[in-house]
Amino acid sequence: MKVESSFCVCVPARNEERRLPVLLAALAAQDLPGRISVALCINNSTDGSLHQAQAAADRWKDRLDIVVDLQTFPEHRAHAGAARRAAMSVGLERLADQPNGVLISTDADTRPPPNWLSANLAAIADGADLVGGRLVLDKAEAISANVAALRRMWDAYWREVRAIEDEIDPSPHDPAPRHGDHTGASLAITAAAYLSAGGVPEQPTGEDRALVIAAQAQGARLVHPLAVWTRVSARTTGRAAGGMAEDMSRLFDQARSGGPIMAPDFSHWRQRARWRRGQRHDAASARRLSALETQLPPMPLDMDLRGWADGVERDAA
């Protein structure tokens, strides 16, 4: 039996006056009925982000129920971890009387499709505690053909990695076909799992991945359904160190250089999948897997991604 859940969309925003209206318009266009609860943590901003949030709250007052937490963090806390934790805390307060509440994290520069919320909630209703959303570049923003081709190359690489994992160490609750993204740009988590994990850790980078690992250690079930995805900005200058903007900057640099792009050979992913399968002694050991994996040495970058992609194209021809 599926259970309907109350939810709150939680968004950290810093100097996002241009992009915040795009996100809020996309939330207003969701295919769910009724008002949509939104918790914004506008932090350390020097632009018109607050004005844009207030204008959106007025424009869509019958559709969006927006609460703004205005923060000025000291320098040592002015980072993504503190901002996302603050936004999620406001979301928790709004779900205080809802035993089946769901927190849905995103970023101020995303543009989710109309079924984003309903797809997340459907996955939770099917038994997930955590739902990762696939990230796709927003076609509304111009990018070069070389960058687009390189992004497709990386997407193909990660599909092959997922196929290896699904063959050697499949997850009973996260079956194929699936993607592999679970970042703060699209991450749904039950309020119960969030509290059990201790919330978003206040660290400058990687706070979203750390939350996922902590939740899994408490038994949370993570899924990656293809139906859950969102558009992300292709910008190369972002607000958070180690975020999507830095990934895009590397992608643009790789496209410009035209040189080799190195990635771990698939043999390392097969070895890693066998290691993960061997660690699943019982339910307790399975919960610790993600945390244990972070302690392993990094894989060597010993495969030329361009060369691999060229070989795939030749074989397909």
Side-chain angles (χ1 to χ4, degrees), residues 6-75 77-98 101-118 120-121 133 138 140-141 184-188 191 194 199-200 202 207-208 230-233 235 237-240 243-245:
S6 298
F7 66 92
C8 183
V9 181
C10 306
V11 190
R14 181 176 181 177
N15 289 334
E16 296 285 6
E17 65 178 353
R18 289 181 55 248
R19 299 177 186 273
L20 194 54
V22 176
L23 167 65
L24 296 175
L27 293 179
Q30 294 294 297
D31 61 9
L32 287 176
R35 296 185 79 201
I36 293 170
S37 178
V38 182
L40 293 177
C41 175
I42 298 179
N43 65 99
N44 299 75
S45 289
T46 56
D47 68 353
S49 294
L50 177 59
H51 172 74
Q52 292 295 344
Q54 293 169 333
D58 182 62
R59 179 179 181 182
W60 289 298
K61 58 180 178 294
D62 296 327
R63 181 61 168 149
L64 300 181
D65 182 9
I66 300 174
V67 169
V68 175
D69 179 26
L70 192 61
Q71 293 274 3
T72 301
F73 295 116
E75 184 176 353
R77 293 184 63 219
H79 52 59
R84 198 176 304 280
R85 184 180 180 92
M88 299 289 259
S89 295
V90 174
L92 270 179
E93 292 175 4
R94 308 202 82 187
L95 298 174
D97 298 325
Q98 308 296 329
V102 179
L103 301 168
I104 305 180
S105 169
T106 192
D107 291 332
D109 62 343
T110 63
R111 188 167 65 93
N115 71 330
W116 179 65
L117 288 176
S118 58
N120 271 290
L121 295 176
D138 195 335
E141 300 184 26
S186 181
L187 184 67
Y194 183 80
V200 175
E202 284 205 14
E207 80 291 344
D208 42 8
T230 192
R231 307 176 188 91
V232 295
S233 171
R235 69 182 180 185
T237 302
R239 315 299 179 221
M244 184 70 184

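Because only heavy atoms are used, hydrogens play no part in the values below, and waters and symmetry mates are left out as well, while side chains stay in.
- Residues A87 and A39 come closest through the heavy atom pair O-CB, 3.7 Å.
- For the pair R84 (side chain) and E207 (backbone), a donor-acceptor distance under 3.5 Å is absent.
- For the residue pair V38 and R94, the shortest heavy atom distance occurs at O-NH1, 3.5 Å.
- Every side chain to side chain contact (heavy atoms under 4.5 Å, CB included) that Q30 has, sequence neighbours left out, goes to I36, R63, P112, W116, L117.
- Remark: F7 CZ to Q98 CD distance equals 11.5 Å, nearest 0.5 Å.
- Salt bridge status for E202 with R77: present, with a side-chain N to carboxylate O gap under 4.0 Å.
- Contact record, L103 with C10: CD2-SG, 3.9 Å, taken as the closest heavy-atom pair.
- Taking both residues in full, the closest heavy atoms of A188 and V102 are given as CB-CG1, 4.2 Å, listed atom of the first, atom of the second, then distance.
- For D62 against R35, the heavy-atom pair with the smallest separation is O-CG, 3.5 Å.
- Looking only at distances, no side-chain donor or acceptor of D109 sits under 3.5 Å from a matching main-chain atom of V232.
- In this structure, L24 and I66 have side chains that are in contact, with non-hydrogen atoms separated by less than 4.5 Å.
- S118 places no side-chain N or O within 3.5 Å of a backbone atom of L32 that could act as its donor or acceptor partner.
- At most 12 heavy atoms of other shown residues, nucleotides or ligands fall within 6.0 angstrom of atom CZ in R18.
- From N120, atom CG reaches atom OG of S186 across 5.0 Å, with rounding to the nearest 0.5 Å.
- For the pair C41/V11, no side-chain contact is recorded, criterion being any heavy-atom separation below 4.5 Å from C-beta on.
- Taking OG of S37 as the reference point, atom CD1 of I104 lies at 10.0 Å (rounded to 0.5 Å).
- The distance from the CD1 atom of I42 to the CD atom of Q71 is 11.0 Å, given to the nearest 0.5 Å.
- Using a distance-only test at 3.5 Å, with no hydrogens or angles considered, a donor-acceptor pair links the side chain of D47 to the main chain of E17.
- Rounded to the nearest 0.5 angstrom, D58 CG and L64 CG are separated by 11.5 Å.
- Within the 3.5 Å criterion, the main-chain N or O of A108 finds no donor-acceptor partner in the side chain of R19.
- Atom CG of N15 sits about 11.5 Å away from atom CG of L20, to the nearest 0.5 Å.
- A salt bridge does not link R111 to E141: none of the charged side-chain nitrogens sits closer than 4.0 Å to a carboxylate oxygen.
- A side-chain donor-acceptor contact under 3.5 Å links H79 to the backbone of A82.
- In this structure, the side chains of E16 and L23 stay at 4.5 Å or more apart for every pair of heavy atoms.
- Taking each heavy atom of A53 and V68 in turn, the nearest pair found is CB-CG2, 4.0 Å.
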